[in-house]
Amino acid sequence: MGTDETLTIALSKGRIFEQAMPLLAAADIRALDDPERSRKLILDTSDPRVKLVIIRASDVPTYVQYGAADLGVAGKDVLLEHGGEGLYEPLDLRIARCRMMVAGKPDPGLAMHPGRRRLRRIATKYVRCAERHFAAKGEQVEIIKLYGSMELAPLVGLSDLIVDLVESGNTLKANGLVPLEHICDISSRLIVNKAAWKMKHARVNDLLQALRGAVASSVPAAAD
Amino acid sequence: MNDERWLLPAGIDEVLPSEAAELERLRRALLDLYATWGYELVIPPFIDYLESLLTGTGHDLDLKTFKLTDQVSGRLLGVRADMTPQVARIDAHHFRREAPNRLCYLGTVLQTRSDGFAGSRSPMQIGAEIYGHDGVESDVEVLRLLLATLRTAGIDNAYIDLGHVGVFRGLARQAGLDRTQEMALFEALQRKAGAEIELLIGQFDLPADIGAMLLGLADLNGEDALERARTVLSNADAAVQAALARLQAVANETRRWQPELPIHFDLAELRGYTYKTGVVFAAFVPGWGLEIGRGGRYDDIGRVFGRARPAVGFSSDVKGLIALANGASPPADAPGPVLAPWDVDPRLQAVVDALRAGGRCVIRELPGEAPSQTCSERLELVDGQWQLCPCAVPDA
């Protein structure tokens, strides 16, 4: 039923787009434009029934939750912050992999002994993850929401620690910071709108199986 | 801030004349529909003791409920965020009859956070429930009434999503999961988060066959899910088999009434898992990413109110239905308003009263002011009698 309906897939530019396209190629979906060069926000693909929408990474779950896109590719970091409510995330695409970590100055005294009077300040873009991590450890912290360049915060005394994504660790190293605690592994997930899952089930499922096959056969990228 | 007194709180809306008229037409049509099916209207209070609002319904409703302190009793009050528990209380407490009870309700609910329809926090909830009957027949009746509700609103391309909480609950019991494990797995299942489900089942260290069944549950969705479930869940215990059989019976019976209806099974979709006990269902419409009606069986919710009874029902949001109906509910085929001049002649008043008694809208002209509505006719004194004359309608 409904095999001629359009499927809309939400993607963010950059790493997720670059690493998701080879997987989508397994389902015969190839972008006809390069989002890095085109200003178009809706890209046609080699499959006339599939469109790609190019949006900010943190907007992908919202588009999919409300059905503005049927499917999407979103980092687990973004899903943890979004809450993942009203979405399915049936497949770990094993792309755009990194780790969510606590990092700070290499000062074990400050980092390891929470017996001070002042609450430790944590600068992060990932407020929910940071709250949950420190709550699970039984430590009350003060969280400062930043939108980028978290590494700067401990250097200028804005925070004691940061919670951020770490891929190679080079940015931390360049700023004299070290990773201190591992919170979780991050990779990108295929996410699906609930209504699309029910009403376009055959097509969504075909795409899911094709991607599942592509993920299984791709050599798992070594986690940095 | 003081300059923005017109501004409404987030998720709160006001309904203006043409939409309000449409809303009211649908409201009446739905209540009339339920009356013809034998559902009696009840009107629960807008505000209630918190504990009776939240009873047996789980954490979600607690977060959604606005709370305040009662200055009379010192107890916490809540503004209803869902009317179902209130209606269950009415059945359990006020009706001593054993016979099945059919109740319906309609009213505004208030929610601290929105869960759908364009971010509204004040949906107009409408629903119907059957108490005192446990069987496929009442499951199907309620499902059919939900479909009739959608049709009345002009929505006739709905999809139905069907599931049964007994399948997962039975498997979790068979696996001997504790409450924490069960809820962790439930939460991952609701997101169909394959990687996490696999991880959790690995951690639980279950016997291979029950682990495989729980893992398979995430994939048991689609039109053929029940057929596949027979193989995938063949080693499940009697409770699970009974749940699958019940689901099949509900689907068969529904198809008999509506062979064209697209039915999608999803054995891992467990809306209201903490208080639902049987079949659960939701309605979807193409082009809309959220469900527009939902329901299911929640036996025993009345226990805390003094009487446990089987219960099954559904609810929807009239404002959401209007938004989706796309003006499909036909406007009333009534003639336009009549303009009556400002005149103290008692004969005019008699004619106006007669017209109004017959259901016509008659607008009395205020001296020097034209009415805001376009009138199709006008009362004029012709040959000593007040008569309807066509208004000069400007060409559209």
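Note that the coordinates shown come from a computational prediction; the quantities given were computed from them, not determined experimentally. Here is the naming used below: chain letters follow the sequence lines, and residue numbers restart at 1 for every chain.
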Is it the case that over 12 heavy atoms from other parts of the model lie below 6.0 angstrom from the [atom1] atom of [X]?
X: A:Arg56; atom1: CZ; result: no
X: A:Lys51; atom1: NZ; result: yes
X: A:Phe17; atom1: CZ; result: yes
X: B:Arg113; atom1: CZ; result: no
X: A:Lys145; atom1: NZ; result: yes
X: A:Ile42; atom1: CD1; result: no

Discussion item. Please report the interatomic distance CG(B:Asp224) to NE2(A:His201), rounded to the nearest 0.5 Å.
Written reply: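 That separation rounds to 8.0 Å.
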Worksheet entry | Heavy-atom pair of closest approach, residues B:His264 and A:Trp197 |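 Shortest heavy-atom separation between B:His264 and A:Trp197 comes out as NE2-O, 3.8 Å.
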Fill in: Closest contact, heavy atoms only, A:Ala195 versus B:Leu290
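A:Ala195 and B:Leu290 have their closest heavy atoms at CB-N, 4.4 Å.
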Worksheet item: For chain A, which of B:Ala188, B:Ala195, B:Ala193 has the most heavy-atom pairs under 4.5 Å?
Response: B:Ala193
Discussion item. I'd like to know which of B:Asp266, B:Asn221, B:Val285 tops the heavy-atom pair count under 4.5 Å against chain A.
Written reply: B:Asn221
Worksheet entry | Side chain / backbone / both / neither for B:Asp219 at chain A, heavy atoms under 4.5 Å |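 The answer is the side chain of B:Asp219.
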Worksheet item: Mind checking whether A:Arg189 and B:Arg191 have side chains closer than 4.5 Å, heavy atoms only?
Response: no
Discussion item. Please rank A:Pro90, A:Gly86, A:Gly67, A:Ala196 by heavy-atom pairs under 4.5 Å with chain B and give me the top one.
Written reply: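 So the answer, after comparing A:Pro90, A:Gly86, A:Gly67, A:Ala196, is A:Pro90.
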Discussion item. Under the criterion salt bridge (charged side-chain N to carboxylate O under 4.0 Å, His left out), I'd like the reasoning laid out for B:Glu291 against A:Lys198: C-alpha separation, chi angles, the key distance, then a yes or no.
Written reply: CA-CA 10 Å; B:Glu291 58 193 42; A:Lys198 320 281 178 200; over 6 Å; no
